[in-house]
Amino acid sequence: MVKPGGILPIKSPCTAACCIIDVCRMPYLMRLALVLFCLMALVESRKPRRKRWTGLLETSKPSHSYKKNLDVTKMRPGKPRPLLRVEDHDFTMRPAFGGPAIPVGVDVQVESLDSISEVDMDFTMTLYLRHYWRDERLAFPSSSNKSMTFDGRLVKKIWVPDVFFVHSKRSFIHDTTTDNIMLRVFPDGHVLYSMRITVTAMCNMDFSHFPLDSQTCSLELESYAYTDEDLMLYWKNGDESLKTDEKISLSQFLIQKFHTTSRLAFYSSTGWYNRLYINFTLRRHIFFFLLQTYFPATLMVMLSWVSFWIDHRAVPARVSLGIMTVLTMSTIITGVNASMPRVSYIRAVDIYLWVSFVFVFLSVLEYAAVNYLTTLQEQKEQKFREKLPCMCGMLHSRTMMLDGSYSESEANSLAGYPRSHILPEEERPDNIVVHLALNSELTSSRKKGLLKGQMGLYIFQNTHAIDKYSRLIFPAFYIVFNLIYWSVFS
């Protein structure tokens, strides 16, 4: 109670300023309100004071409408309980050890086909390799049924299939900027394991039709340790398990087909294993070899035919042309063989180049035969010249009788005889007689030989006829060869 005309006793210094009032002069309601105010001030004064400002900015509190997500990775007070109970199981053993074989599905996405090497007989491919299986030891409770994704660090702690590439020479997992490994675990224990790999594998190529060939290469996948009794590899979606990038292209090959197959592989020491195959068929582009091999070889053969139109007395011209074409063909053959593996069988390009080489070589032999027969003819004329008497002062005439032994038709053969042999008459009259004598011999042998099938004797005795027939025979046979070659190998 407050005494009339008195002062309200002060119990706290903080309320002194508001409580030293003349209470007697106030109405009753004002007094009651003042007492309540003083009591509230007294309660506030007994609360702990706020800490001093530390210089750190206070973060704004989230609004009441925002609901904070629960952090499932945060350890609860007390004994920690991880979602994946990796430490509670022995992952050195396969899932369902002692039971049936665990099925492991596989699918592949080919990112690029980097190179095909004929010399090393291999290919390089970059791909995404994915495995699918179920491991109940990795199951975890989840109300939202969402999967968890991990990187390569968890792979070292759990069981994963030991798939390797059969007949591979080199392979590696990409590690830029980190290991290209992904592991996705679902609440029911299903696992997706994906890797990005570049592998160089062997490809047995058949070059019997090179460069008009098609090659079929295979990339083979197999478990290294687990037989078909423990692990069953299969294509997850059949032929749809293999995906390829539409931008894949090669400089020398056209990719015709990608497909998958599977079968069992047997090893005498360990048993049967499931093996998966990625097969792809490549067809070689022919245009490059047409420009670099076939077209130059054809030109060299045609160039060798030019010698048939050159006079047989121009020895340096015909010999140099023949040697040049032979050496050029040798260079083309050497260049093709240098870029190819050394195989023990004949290739299609070898047939074409060596037949072309034979045509060029035969054109050189043709001139050698012409030159040799010309020499024999000159020697024969020399013998006739020594036997016949000197016919000095003989007049030039298309129709003449010499000692009654030459007819008018035989004398007319001088029309095709070179004028260097018949002019001037006073210098070389004996050549006319020699020519008429030889012509008479050829005429008689031709009459007898044609009836007996000895046309070849006439051709070889007439050197001009060899070049004349070669101009037709060589191109005709080469055209027939090309028709047969391209119809068989194309």
Side-chain angles (χ1 to χ4, degrees), residues 72-73 82-97 102-114 123-140 142 145-201 219-226 230-237 240-245 247-248 258 260 262 273-278:
V72 296
T73 63
L83 291 178
L84 292 181
R85 298 184 298 273
V86 177
E87 304 298 335
D88 297 345
H89 303 278
D90 183 10
F91 282 96
T92 59
M93 310 300 293
R94 69 172 179 87
F97 177 75
I102 174 176
V104 177
V106 176
D107 68 31
V108 172
Q109 181 175 350
V110 179
E111 181 182 3
S112 64
L113 193 58
D114 301 326
F123 65 93
T124 302
M125 178 187 294
T126 301
L127 51 89
Y128 294 93
L129 178 62
R130 304 184 183 97
H131 308 80
Y132 302 85
W133 75 95
R134 184 181 181 185
D135 192 343
E136 295 180 354
R137 297 171 294 183
L138 297 177
F140 62 92
S142 175
N145 198 28
K146 291 184 178 180
S147 62
M148 293 189 298
T149 303
F150 305 92
D151 56 14
R153 289 173 290 184
L154 183 62
V155 175
K156 301 177 181 179
K157 299 180 181 180
I158 66 172
W159 180 91
V160 293
D162 59 339
V163 175
F164 78 106
F165 297 100
V166 185
H167 305 309
S168 66
K169 297 181 178 180
R170 296 174 298 276
S171 61
F172 62 91
I173 299 175
H174 291 260
D175 55 0
T176 305
T177 58
T178 184
D179 290 341
N180 296 173
I181 298 176
M182 186 268 289
L183 190 71
R184 183 171 295 168
V185 182
F186 294 86
D188 58 354
H190 280 89
V191 182
L192 166 61
Y193 178 40
S194 177
M195 297 176 290
R196 182 168 176 256
I197 304 175
T198 294
V199 56
T200 300
L219 184 63
E220 306 172 12
L221 296 86
E222 182 182 305
S223 173
Y224 190 83
Y226 297 99
D230 292 321
L231 188 146
M232 183 181 67
L233 280 179
Y234 69 97
W235 290 112
K236 189 174 184 298
N237 299 314
E240 298 297 328
S241 301
L242 181 61
K243 304 293 184 180
T244 58
D245 193 342
K247 298 181 180 179
I248 295 178
F258 268 99
T260 61
S262 61
Y273 294 82
N274 293 109
R275 182 176 295 183
L276 306 181
Y277 295 83
I278 302 174

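The CZ atom of Arg130 sits 12.0 Å away from the CZ atom of Arg196 when rounded to the nearest 0.5 Å. To the nearest 0.5 angstrom, Asn274 atom CG is 12.0 Å from Leu221 atom CG. Taken from CG in Asn180 to CE in Met195, the straight-line distance is 11.0 Å, to the nearest 0.5 Å. Atom CD1 of Ile173 sits about 9.0 Å away from atom CG of Leu129, to the nearest 0.5 Å. One distance of note links CG of Leu233 with OH of Tyr273; it measures 12.0 Å at 0.5 Å rounding. With values rounded to the nearest 0.5 angstrom, Leu138 atom CG is found 7.5 Å from Leu183 atom CG.
The two residues Tyr193 and Ile181 make their nearest non-hydrogen contact at CE1-CG2, 3.5 Å. Taking each heavy atom of Tyr234 and Pro103 in turn, the nearest pair found is CE2-CB, 3.8 Å. Across Met93 and Trp159, no two heavy atoms sit closer than the pair O-CD1, 3.7 Å. Scanning all heavy atoms of the two residues, the minimum distance from Leu192 to Tyr132 falls at CD1-CE2, 3.3 Å. Residue His131 comes nearest to Val104 through the heavy atom pair CB-CG1, 4.2 Å, listed as atom of the first residue, atom of the second, then distance. The heavy-atom pair separating Lys236 from Ser241 by the smallest distance is N-OG, 3.2 Å.
Arg134 places no side-chain N or O within 3.5 Å of a backbone atom of Pro95 that could act as its donor or acceptor partner. A donor-acceptor pair is defined here as one N or O able to donate and one able to accept, closer than 3.5 Å; no such pair exists between the side chain of Asn237 and the backbone of Trp235.
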- Between Leu127 and Leu219, is a side-chain contact (heavy atoms from CB on, under 4.5 Å) present by the stated rule, with each step listed? CA-CA 11 Å; Leu127 51 89; Leu219 184 63; 3.4 Å; yes
- Item | side-chain contact (heavy atoms from CB on, under 4.5 Å) assessment of Arg94 paired with Leu231 | CA-CA 9 Å; Arg94 69 172 179 87; Leu231 188 146; 5.9 Å; no
- Check step by step if side-chain contact (heavy atoms from CB on, under 4.5 Å) holds for Tyr226 and Ile102. CA-CA 10 Å; Tyr226 297 99; Ile102 174 176; over 6 Å; no
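With contacts defined as side-chain heavy-atom distances shorter than 4.5 Å, the pair Leu242/Val110 qualifies.
When ring centroids are compared, Phe172 and His174 come within the 6.0 Å threshold.
Within a 6.0 Å radius of CZ in Phe164, more than 12 heavy atoms belonging to other residues, nucleotides or ligands are found.
Applying the salt bridge (Lys or Arg N to Asp or Glu O under 4.0 Å) test to residues at least two apart or on different chains, the pairs with a partner in residues 148-177 are Asp122-Lys169, Asp151-Arg153.
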